[in-house]
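Just below is one structure, and these are the notes that go with it.
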Amino acid sequence: MEFTKDIFLHFLIIIFFSSCSDLSIFEKEKELISIYENSFAPRDFSIDDTLVVMSWNIQMGFRNDQNAFNGNDVGGTPSHFDQMVNAIKEINPDIIALQEVGHNADHTFVENQAQYLANALKMNFAYADYSEIITGYNILTRGARGHALLTKFTINETENIVSLQQGRYLRRSVLNTTIKLNDQNNLNILGLHFASRAEREEKINQSNHLIQIALEQRNPVILLGDYNDVHWSYVLTPFEENGFSNALLEESNPCQFNVEHYGSIGHEETAWMGVLIDHILFSKKTLNSYSLCLGDESTWTLSNHKPIIGKLLLKK
Amino acid sequence: MIIRKYFLLIIFYLSGYTLLNSQNSIRVSGLSTTKAYFADIGFSKTLNKNFEIGLGVLYGRHHSLNIKGGGLTTNVLLYPHENKIINFFIASDIQFTLFNFSSDQDNIDIKYLHLVGGYGFDLKLSPNFFLFNYFGLGATYEHRSFNQNNIKNRNHFDTAGLFKLGMKYKI
């Protein structure tokens with residue numbers, strides 16, 4: 001009798017152990033966080049000033065020959081982020097949208113990556129989680145990846161809006177940040193990242209949701225991010241139909257990309273075999289774009305995506 | 001280096017003491033915590049029919065970072081019943097582990113201190129040979145230190161889990 005009781009107790013403890021929230025093998029949802037910090041004085045801005053904006057999927061600080069999620073590579077080291085900081089200083093952007101930014105992730109050494117980059121670049125920052133981390137088949141890896149927005153201006157408000165609910169590891173959100181350029185002008189930056197493994201229907205829904213969010217904004221809107229798709233795809237064309245322009249397609253663009261360029265500008269690991277899948281979109285009514293370029297070759301090894309840099313002007 | 005020296009001293013002392021006492025065991029086990037998994041070689045001393053204490057060295061790999069590390073583990077087992085083929089016990093377990101990553105510019109240490117309490121069993125396979133297993137839950141403290149000046153050392157408290165499976169041989 002006592003022996004049966006012991007076995008029963010043993011199994012009860014196993015069940016308790018496996019259902020404990022931190023060790024649970026069952027699906028759990030973590031609350032998405034969104035933070036911002038204005039630690040630095042904003043730069044002056046006048047309506048004639050060019051806004052240099054940049055979008056970069058940094059793959060949590062892993063190099064382009066590494067994989068952040070296979071559980072075998074070691075990355076996210078301070079020296080790697082220092083190289084990124086040096087590269088970004090050369091570009092000198094006013095606004096940077098980063099995707100796949102690690103936050104308290106077990107498998108990277110720098111844990112609050114947005115804050116680390118912002119402090120090194122002396123920029124204000126916002127950060128928002130969108131999905132949790134899994135490395136290889138290790139369900140015990142803790143941490144999140146998300147959007148970061150770094151800016152030389154003051155951040156007034158941030159909002160983290162879920163745009164694709166596809167389990168905790170593939171969930172996507174939009175980081176909507178309101179930036180104060182000066183007393184008269186504000187700007188909304190939408191940082192986004194489409195899930196590469198989402199179904200067509202889910203991607204279309206995500207596009208429509210993003211368009212709706214962008215249209216609701218009273219300020220000029222710039223949509224920066226990793227769309228995981230090409231400019232002529234069903235993901236991006238609805239934006240153009242709703243009053244948003246892709247900087248890639250602007251005729252005045254001095255670094256005009258064409259089909260011949262595509263073979264060399266993307267990254268090899270995407271399904272698109274080297275085409276451009278990171279884009280800068282903006283509201284046609286309120287903004288003009290006159291340049292879109294990639295970061296120089298020194299940035300190409302720092303992530304499996306290349307940084308994309310646009311120059312925009314507010315319409316008077 | 002200092003830690004390694006003390007490990008060796010403790011193991012040397014304990015192994016000598018153990019071999020002189022017939023109430024002791026040598027154990028080999030594998031254990032997995034929420035942060036890493038390890039191979040564990042150690043000794044146990046049976047204080048009386050209810051209590052057993054153990055000490056072991058650990059060597060293993062971090063779950064999430066592809067780096068190797070090692071450490072020291074100590075545990076206390078409480079057997080609430082008489083000796084049978086299967087003996088259930090209550091366990092408390094402490095582990096200190098250290099991981100290091102070095103490259104040209106980075107030198108990063110990650111230290112963990114796990115404290116867990118758990119429940120498990122011994123299965124007697126022969127008069128001297130046992131299979132044992134236990135689960136534990138508790139707390140972990142993590143300390144990350146960097147050689148760079150522009151990043152602060154980080155401390156974390158977190159919940160911890162432990163699963164241990166191994167063999168024990170009574171000397």
Apply side chain to side chain contact (heavy atoms under 4.5 Å, CB included) to residues A:Ile179 and A:Thr177 and explain how you reach the verdict. CA-CA 6 Å; A:Ile179 291 170; A:Thr177 311; 4.2 Å; yes

Let me know if B:Thr33 has heavy atoms under 4.5 Å from chain A in its side chain, its backbone, both or neither. backbone

Indicate the ring-plane relationship of B:Phe99 and B:Phe38, choosing parallel, tilted or perpendicular according to the 30° and 60° boundaries. tilted

Hey, does the side chain of A:Arg63 reach the backbone of A:Thr301 with a donor-acceptor pair shorter than 3.5 angstrom? no

Side chain, backbone, both or neither: which part of A:Ala120 has a heavy atom under 4.5 Å from chain B? neither

Could you look at A:Tyr116 and say if it's the side chain, the backbone, both or neither that has a heavy atom under 4.5 Å from chain B? side chain

If you count heavy-atom pairs within less than 4.5 Å of chain B, which of A:Ala105, A:Gly75, A:Ser79 leads? A:Ser79

Check whether A:Asn119 gets within reach of chain B through its side chain, its backbone, both or neither, counting any heavy atom under 4.5 Å. neither

Do A:Phe109 and B:Phe146 have ring centres separated by under 6.0 Å? no

Taking the side chain as every heavy atom from C-beta outward, state whether B:Gln105 and A:Asp82 have any atom pair closer than 4.5 Å. no

